[in-house]
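Just follow the structure's listing: the first ligand is 1, and inside any ligand the first atom is 1. Because only heavy atoms are used, hydrogens play no part in the values below, and waters and symmetry mates are left out as well, while side chains stay in.
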Amino acid sequence: MRTEQPKVIHLKDYQVPDYLIDETHLTFELYEDRTLVHAQLVMRRNPDAGAGLPSLRLDGQDLELLSLAINDRQLGLGDYEIAEESLTLQPDAANFTLDSTVVIHPESNTALEGLYKSGSMFCTQCEAEGFRKITYYLDRPDVMSTFTTTVSAEKQAYPILLSNGNPLASGEEDDGRHWATWEDPFKKPAYLFALVAGDLWCVEDSFTTMTGRNVALRIYVEPENIDKCQHAMDSLKKSMKWDEKAYGREYDLDIFMIVAVNDFNMGAMENKGLNIFNSSAVLARAETATDAAHQRVEAIVAHEYFHNWSGNRVTCRDWFQLSLKEGFTVFRDSQFSADMNSPTVKRVEDVSYLRTHQFAEDAGPMAHSVRPESFIEISNFYTLTVYEKGAEVVRMIQTLLGEEGFRKGSDLYFERHDGQAVTVDDFVKAMEDANGADLTQFKRWYSQAGTPRLAVSEQYDAAAKTYSLTFRQSCPPTPGQSEKLAFVIPVSLGLLDGQGDEIALRLQGEDAPVGTTRVLAVDQPEQTFTFIDVPEQPLPSLLRGFSAPVKLDFPYNRDQLMFLMQHDFDGFNRWEAGQQLSVQVLQEMIGQHQRGEALQLDQRLVAALRSQLEDESLDQAMVAEMLSLPSEAYLTEISEIADVDAIHAARDFARQSIATALFELFWKRYQANREVSRQTPYVAEASHFARRALQNIALSYLMLSGKLDVVAACVDQFEQADNMTERLTALAVLVNSGFEAERDKALASFAEHFKDNPLVMDQWFSVQAGNTQPGGLERVQHLMQHPAFTLKNPNKVRALIGAFANQNLVNFHRADGAGYRFLADQVIVLNKLNPQIASRLLAPLTRWRKYDGGRQGLMKTELERILASGELSSDVYEVVSKSLA
Ligand code: 0A1
Ligand code: ZN
């Protein structure tokens, strides 16, 4: 825990390092009550940093120094200075070797940063600044070194000893200990260092690269999980192949390893050659993981693998450039997932997520640009903005340059910067240079925070046959940025005629039409584009594929939206029209609820959904997406002030009405799909995901009917399904139903069956945390006493407390503030145990401006109570203080 005042770090203060580290030689001696770390650093003065020999300041935190030597000369107390987060000494030559030995305590490290224990296994997490908790070092990404690492431990308890790179040597000692040495020839920053020691089993495979090199692939897990690795292994091989084809990127070491650990703050980490994964992001098999979990595993395995080039071979100069690797890599993994599954479904999922969560972040007190200007704690900046919006920015570059131009740009980027630590500017420059393009104005996406609004109006001149679209862009102020300049907004669009056919697009001044979908680069505050030869008043299909992360505003009426749902050539925009229709209808009902009127559902929405369900030729996954009404979280995000109870009531009423009106259709499609599921062994593949998605959403509507044969079907699905996707949905709908006996029986049998599988128990906790019936808080408090729950495991905290605060909005936002008090209590405890998790958990409280006066006051009171609760980690301090500013 920090005792100094938290310092704000600014991008503008960046300076090159005074010293460089060419070689790093580490030896770890692991014991149950301490670990000894010997570090030999071959260092030199950085020629780019000026003349003279300034003092050398190494980062280090919670280290007990046992010895320090420079060029074999032992240093005494007067030769160096140790502060809370550093060690400073004065070198007397430009080239030197520094040897240190420190003691650290992984066995009591609950923050899960640096070297720590997860169960009986030792593992590391060094991004962003965890390496300084392992040894004194220049812990910054622009200091890149080769590493050799020797790990020694007791052989029986830790038969497997791993680190980055290729295995070099290993041996045994007389006292029951053994050791292994690994060598990583690729220069890397310390944040990519990893070490694992444990009693692990592995699944092994191999991959032949495009130049014919053989790479050993291994996934290490605790023995009981050895049967849950195949999906991750398949995903890894697909990723390796895909990156060769899509980006020309080949793997470089002789071995690629993944290790699954139960206690992990994030999803996974791309350490060179030794990825460490949250077990939830690796383990998947039909009986224990849902379709969504299978897809998440595939995407995260790909994401971490892709980092080998976008992140490791070419890394970040400083942490302000985080989106250089994360935005680009999320973009790459989304392209991969789109190729492996359904591109439209993937886009719908990504856009829903972005609009619900990133747009909320962009409108809140922690809003920051994709390349932030300053931070207190870098761990707080692994955000939706840096990752998801960052990926959208890369996608826009591709939209503007075209697929071929983008590939030329990425080839140049990798070639030009291989082995370097670079900036977002370098990335954009490679894109410009490869295409002769000027992206100067476009780069405002990296520096300006907030979600732009794009208001569009139309004008049709029947006599002249011209159709004009006028775009007005604006962007609300965000902390520290009151004025915004115009963005370059790529707007992909098409025009539909009265039959639903596409009109050829010819802009004024062009000799001939150019296709039926095209991209307009809107780059002025106000700008008009005029199409000629437009035979009739068209209906525009705007922002196809969600071509820019903006809030689009066009005055569609409900009939036009229904028309687009039926006829738009762009699958994404067909879904989008349905969403906009649902939003309009729900907002009308929210108003009715607020005025105390009886709720009435516009039957046009029912008709639109009916035609989706009736048409059996449609992609079932898209039909399932169409049937999913906008979430309460999204309805909150688009409200000026969100009325929690009205939103919940309106959405519930709409679901109930749809369920009643379409009961027969739901029942028919449900039974047909359930029958296929019954006859078909589980396959983790898009068409099967689609069938189960429609089956499950149908079941969730059907259960609202309260009909006994539906309940019987649900119980049957729960009991008989051979896979977690069907079983968990059945459980979730039972839990949210009024059938208490069936619910209690299902919950009990599920827990009994899966009590030894922590990842499945996480799902059991989440399903109950999401139960929106009254009494949610008490249920969560009760579940915290369950033997399978612990605050020390991040997955458990997310599954129970995180799911409650983020997904169970009516219960969390109870008008008496008890939900807020509960969350603040947990944050205060977690602040000491695991600051990163504490700071993430408190996000819902930071959104207080969205709620009515009463709730605002209650939320702020809890933020103030956290602030006054004692010594705060920099993580929690930054989020709380910025939220109250
Ligand atoms: N770089 C990883 C994510 C990650 C970031 C920070 C961590 O600890 C604070 C751990 C993992 C990725 O993008 O997958
Ligand atoms: Zn990443």
Side-chain angles (χ1 to χ4, degrees), residues 61 109-116 118 123-134 139 141 164 188-194 196 232 235-236 239 243 258-282 296-316 319 321-337 370 375-391 394 427 794-795 798 830 834-841 873-876 878-879:
Q61 233 175 296
N109 177 352
T110 59
L112 314 185
E113 198 191 13
L115 179 66
Y116 65 95
S118 174
C123 61
T124 52
Q125 173 52 42
C126 294
E127 188 177 7
E129 298 183 333
F131 195 74
R132 62 189 61 187
K133 293 176 147 192
I134 291 177
D139 188 8
N164 315 89
K188 67 168 178 287
Y191 84 85
L192 291 171
F193 171 79
V196 169
S235 304
L236 175 60
S239 308
D243 212 15
I258 289 176
V259 180
V261 306
N262 289 329
D263 303 280
F264 200 77
N265 284 345
M266 310 277 273
M269 180 62 212
E270 69 263 24
N271 316 300
K272 182 80 187 189
L274 177 56
N275 286 191
I276 296 182
F277 273 57
N278 187 321
S279 52
S280 74
V282 195
R296 177 167 177 263
V297 166
E298 182 181 79
I300 299 184
V301 166
H303 178 98
E304 306 310 329
Y305 174 73
F306 297 156
H307 268 315
N308 190 54
W309 275 94
S310 50
N312 301 2
R313 292 285 289 252
V314 183
T315 195
C316 301
W319 291 121
Q321 319 295 330
L322 184 57
S323 196
L324 173 78
K325 72 179 178 82
E326 297 304 349
F328 187 22
T329 304
V330 171
F331 175 65
R332 278 151 53 67
D333 82 56
S334 73
Q335 291 179 299
F336 167 77
S337 295
V370 171
F375 58 74
I376 291 176
E377 171 54 62
I378 183 55
S379 299
N380 283 329
F381 285 79
Y382 287 78
T383 60
L384 295 152
T385 301
V386 166
Y387 276 65
E388 266 65 35
K389 187 175 181 179
V394 175
F427 178 78
N795 289 353
R798 282 186 279 259
L830 279 162
N834 186 331
Q836 285 181 18
I837 296 300
S839 130
R840 279 173 187 270
L841 196 64
S873 58
S874 50
D875 310 60
V876 172
E878 177 169 38
V879 176

Note to self: Assess the residue pair Asn278 and Met266 against the criterion (side chain to side chain contact (heavy atoms under 4.5 Å, CB included)); give the C-alpha distance rounded to whole Å, side-chain angles, the decisive distance to 0.1 Å, and a yes or no.
What the structure shows: CA-CA 7 Å; Asn278 187 321; Met266 310 277 273; over 6 Å; no
Next item on the list: Take Phe336 and Tyr305, measure what side chain to side chain contact (heavy atoms under 4.5 Å, CB included) needs, and give me the verdict at the end.
Entry: CA-CA 12 Å; Phe336 167 77; Tyr305 174 73; over 6 Å; no
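For ligand 1, the polar-atom distance check against Glu326 finds a nitrogen or oxygen pair separated by under 3.5 Å.
Contacts of Ser379 with ligand 1, taken as heavy-atom pairs under 4.0 Å, are absent altogether.
Short contacts between ligand 1 and Glu270, defined as distances under 4.0 Å to a heavy atom of the residue, involve ligand atoms 1 (N), 2 (C), 12 (C), 14 (O). Listed by atom number, the atoms of ligand 1 under 4.0 Å from Met269 heavy atoms are 1 (N), 2 (C), 11 (C). In summary, the atoms of ligand 1 found under 4.0 Å from a heavy atom of Tyr382, numbered by their order in the structure, are 5 (C), 6 (C). The contact set between ligand 1 and Gln125, taken as ligand atoms under 4.0 Å from a residue heavy atom, comprises 7 (C), 8 (O), 10 (C), 11 (C). Shown in contact with His303 at under 4.0 Å from a heavy atom are these atoms of ligand 1, numbered in order with element: 12 (C), 13 (O), 14 (O). Those atoms of ligand 1 that come under 4.0 Å of a heavy atom in Lys325, given as number and element, are 1 (N). Of all the atoms in ligand 1, the ones that sit under 4.0 Å from a non-hydrogen atom of Ala268 are 2 (C), 3 (C), 4 (C), 11 (C), 12 (C), 14 (O). The Met266 neighbourhood of ligand 1 comprises atoms 4 (C), 5 (C), 6 (C), 7 (C), 8 (O), 10 (C), 11 (C), with distances under 4.0 Å to a heavy atom of that residue.
Of the N and O atoms on the side chains of Ser279 and Asn262, at least one donor lies less than 3.5 Å from an acceptor on the other residue. Between the side chains of Gln836 and Tyr382, no donor N or O sits under 3.5 Å from an acceptor N or O.
Looking from atom 8 (O) of ligand 1 to the surrounding protein, the closest heavy atom is Glu127 O, 3.0 Å. In this structure, atom 14 (O) of ligand 1 lies nearest to the protein heavy atom Glu304 OE2, 2.6 Å. Shortest contact from atom 13 (O) of ligand 1 to any protein heavy atom: Tyr387 OH, 2.7 Å.
Among heteroatoms of the N, O or S kind in His303, NE2 lies nearest the Zn ion (ligand 2). When distances from the Zn ion (ligand 2) to the N, O or S atoms of Glu326 are compared, OE1 comes out shortest.
Remark: the backbone N or O of Ala111 is paired with a side-chain donor or acceptor of Asn265 at under 3.5 angstrom.
Taking 4.5 Å as the limit, every side-chain heavy atom of Val314 sits out of range of all side-chain heavy atoms of Phe427.
Residue Glu113 places no heavy atom under 4.0 Å from ligand 1.
Of the candidates His307, Gln321, Glu388, Glu326 forms a side chain to side chain contact (heavy atoms under 4.5 Å, CB included) with just one, namely His307. The residue from Met269, Glu129, Gln125 that alone fulfils the side chain to side chain contact (heavy atoms under 4.5 Å, CB included) condition with Tyr191 is Met269. Each of Thr329, Asp333, Asn275 was compared with His303 under the side chain to side chain donor-acceptor pair (under 3.5 Å) criterion, and only Asp333 meets it.
Using cut-offs of 30° and 60° on the angle between ring planes, the pair Phe131 and Phe193 is perpendicular.
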